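The first residue in the sequence is number 1, and the count goes up from there. Quick caveat: nothing in here was measured; it's all calculated off a predicted structure. Order of listing sets the numbers, starting from 1, for every ligand and every atom in it.
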Amino acid sequence: MSTTTLKPHQRELWGHPIGLYVLFFTEMWERFSYYGMRALLVIYMIAKVGHKDGAGLGWTNLEAYQLYGWYVMLVYVVSIPGGILADKVLGQKKTVMLGAIILVLGHGTLAIEAEWAFFTGLGLIILGVGCLKPNISTMVGGLYKKGDIRRDKGFSIFYIGINLGSLLATTFVGLVVAKWGWHAGFGMAGVAMLFGLIVYVWGQKYLVHVGNPQTAEQKKEDVSIVKIFSTIFSSPIQLGIFVILLVLSIYAGFTFEGVDHWGYGALFIFLSFVVGLLMMIYKTLENQIMRDRFLVLLLSFLLVIVFWGAFEQAGGLMSVYTETKTDRMLFGWLVPTPMFQGLNAGFIILFAVWVANIWAKRKLKNKEASSLFKMATGTIIMGLGFVFMIFAVREFEANGSSGMQWLVLAYLFHTIGELSSSPVSLSFVTKLAPVKYASLMMGLYFAATGLGGKVAGILGEKSEHFGEYTIFIGIVVFTVAFGLLVIALMKPLKRLTHGAEDNEIEMHNDEAEGFELADRS
Ligand code: GLN
């Protein structure tokens, strides 16, 4: 087919469907607003009257950390209902649109100077990200046919968009707040999200074939919620597991140490319902191949929790370490702490294509380059980054401060690890999830990253008691051991994927009509 006769959604640019770039810029602006706001959140909560950027909420550090931990986790856990909404009702495309609108309203509300506006804004952002984030990622996968080797690279490009948004936001938001105050900073996030919404609406013609709701026919074949729930009564074992989990959750939740234990109670109960739902879905899947793939995907989420549990130290423990124990003087200039977080986004933009190419070349040479292998290797590389933090602590103990180079090296390793793992996991979910539950599975993936974030927060709290040195060593040992375990189990795990990643070849989209649901099984 010649290029001129191609419909917009079949056209390509630089070897990828144009739809990828629409999603790239939508997500870039969404992440700009997310990370711009995130960079302000904790410091706004603890800022007291007389703060140089204006009064914030004047909370204690502990109160701020706690709300922050819950916020970051909820933002990703709400991806589960966000995914279900897309699978069952609206389709991914409309759910993303809904999420973008809610986000504009949420960030806009934060621009209002009032306590009610603060909580309402956060609530709206949680809902908005929950609708947008998992579903836009699933749509990226929908742009590629089954077996198309470009899929992983497509996700790497998409990942650059995410980090471009984050880098721009963390660079500029501080300047805006310094000049016009907190609420201008929050407002800027709202304007950024509005740009994202505009790009997305404009780009719809490039996305006609992805993210659509189920057709009436597919709905007829669909497993109803009633059927899913009725399966639980058909298996005493599943019912037993579910009830035991629920009772343990209630017990654990309400006896957990800490001031926000009711929150843990609610979380654990929610999670046991999720586990119950997953067991039921497993039973209703049509054949063993689908069931095995579903299982291996869920197992891979354990690796995701481990990865993010270590990686997310960046926003907590490593950030405090940078602020309090690192010599940040560079040619007479004190490098601001948030800039070190920008290193991750900057490294991603520099290295994303390079890392993706290394893996693609390995694959073409028929060497081991499955997603699970990449995820496990990524976790090991990221974990090894903490070795530099161990050196940093040793230097601090000897000299009273440690050099910046340790942080730069740690973030470099974290980034290479992230690039081997995170975009790959997104792609993996789109390859293995049953089509009917594609968005739910993506929601679960993000929920796993959110749980990892919560684990990171808890580790940060524990460092107060055990000291950073012990925590950093513990992270290195655990991540490397867990990654090696997954590599040791690679054969049986890959068997469960039933060749979902075999025979991947370069394809083009000039027959793009309707492949999204037709081609993936
Ligand atoms: N940094 C990535 C993003 O913002 C990954 C976040 C995550 O998966 N928790 O999309």
Please round to the nearest 0.5 Å and tell me the distance separating atom CG of Leu303 and atom CG of Leu372.
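One gets 7.5 Å once the value is rounded to the nearest 0.5 Å.
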
Is there side-chain contact between Leu285 and Lys436, with at least one heavy-atom pair below 4.5 Å?
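No, too far: nothing below the 4.5 Å cut-off.
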
Just so I know, are the side chains of Phe351 and Leu412 near enough to count as touching, which here means a heavy-atom distance under 4.5 Å?
yes

Run the side-chain donor-acceptor check on residues 71-80: report pairs under 3.5 Å with partners two or more places apart or on a different chain.
{"from": "Tyr76", "atom 1": "OH", "to": "Arg31", "atom 2": "NH1", "distance (Å)": "3.1"}
{"from": "Ser79", "atom 1": "OG", "to": "Tyr76", "atom 2": "O", "distance (Å)": "2.9"}

Given the rule in the side-chain contact (heavy atoms from CB on, under 4.5 Å) test, do Val296 and Asp292 qualify, once you have shown the distances and angles that lead to the verdict?
CA-CA 6 Å; Val296 75; Asp292 285 350; over 6 Å; no

Given the ring of Trp70, does Lys454 sit roughly above its face, with NZ or CZ under 6.0 Å from the centre of the six-membered ring and within 45° of the axis?
yes

For ligand 1, which of its N or O atoms have a protein N or O partner closer than 3.5 Å, and how long is each gap?
{"from": "ligand 1", "atom 1": "1 (N)", "to": "Tyr35", "atom 2": "OH", "distance (Å)": "3.1"}
{"from": "ligand 1", "atom 1": "4 (O)", "to": "Arg31", "atom 2": "NH1", "distance (Å)": "2.9"}
{"from": "ligand 1", "atom 1": "4 (O)", "to": "Tyr35", "atom 2": "OH", "distance (Å)": "2.6"}
{"from": "ligand 1", "atom 1": "9 (N)", "to": "Thr449", "atom 2": "OG1", "distance (Å)": "3.0"}
{"from": "ligand 1", "atom 1": "10 (O)", "to": "Lys133", "atom 2": "NZ", "distance (Å)": "2.4"}

